[in-house]
Amino acid sequence: MKKYKLLLIVTLLITNIFGVSIHDIQYTTNAGDGTYPSNYNGSTTTTGGIVTGVKNNKTFFMESSSGGAWNGIYVYDKNYTVSIGD
């Protein structure tokens with residue numbers, strides 16, 4: 001239990017210091033062209049989370065430790081090799 005609390009605290013600190021939460025990237029009320037694009041669309045952002053799925057070691061799915069709606073993101077950055085749990 002202590003391990004998970006420490007992981008949660010570290011994840012929250014890193015996200016708050018160095019990046020934007022996944023929820024903030026994903027959630028929008030702006031319909032745009034009907035696809036509800038992110039307010040961060042077209043910009044480079046930094047976020048944090050836990051890798052929960054990997055496809056071809058090039059793209060991956062990451063979730064925030066808090067879970068819930070708008071707290072997961074599919075990452076198309078082929079510059080990193082990640083593993084589930086990172």
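All figures in this text were calculated on a predicted structure; none of them were measured in a lab.
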Revision key, fill the gap. The ring pair (Phe, Tyr, Trp, His ring centres under 6.0 Å) partners of Tyr27 (sequence neighbours excluded) come to His23, Trp70

How long is the straight-line distance from [atom2] of [Y] back to [atom1] of [X], given to the nearest 0.5 Å?
X: Thr28; Y: Tyr40; atom1: OG1; atom2: OH; answer: 10.5 Å
X: Lys55; Y: Tyr76; atom1: NZ; atom2: OH; answer: 7.5 Å
X: Asn56; Y: Thr81; atom1: CG; atom2: OG1; answer: 11.5 Å

Would you call [X] and [Y] a side-chain contact if the rule is heavy atoms closer than 4.5 Å?
X: Ile73; Y: Ile25; result: yes
X: Thr59; Y: Val75; result: no
X: Ser83; Y: Val54; result: no

Review point. What are the two closest non-hydrogen atoms of Pro37 and Gly32, and how far apart are they?
Key: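 In this case the closest contact between Pro37 and Gly32 is CD-CA, 4.0 Å.
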
Point to revise | Closest non-hydrogen atom pair between Met62 and Ile22, with its separation | key: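 Minimum heavy-atom separation between Met62 and Ile22: O-CD1, 3.9 Å.
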
**Study point:** Polar contact flag, side-chain donor to acceptor under 3.5 angstrom, Thr35-Asp33
**Key:** yes

Check your understanding: Can you check side-chain hydrogen bond (donor to acceptor under 3.5 Å, both in side chains) on Asn41 and Ser38, steps first, answer last?
Key -> CA-CA 5 Å; Asn41 188 31; Ser38 171; over 6 Å; no

Determine whether a donor-acceptor pair (N or O, by modelled atom type, separation under 3.5 Å) exists between the side chain of [X] and the backbone of [Y].
X: Thr47; Y: Val20; answer: yes
X: Asn71; Y: Ala69; answer: yes
X: Glu63; Y: Thr52; answer: no

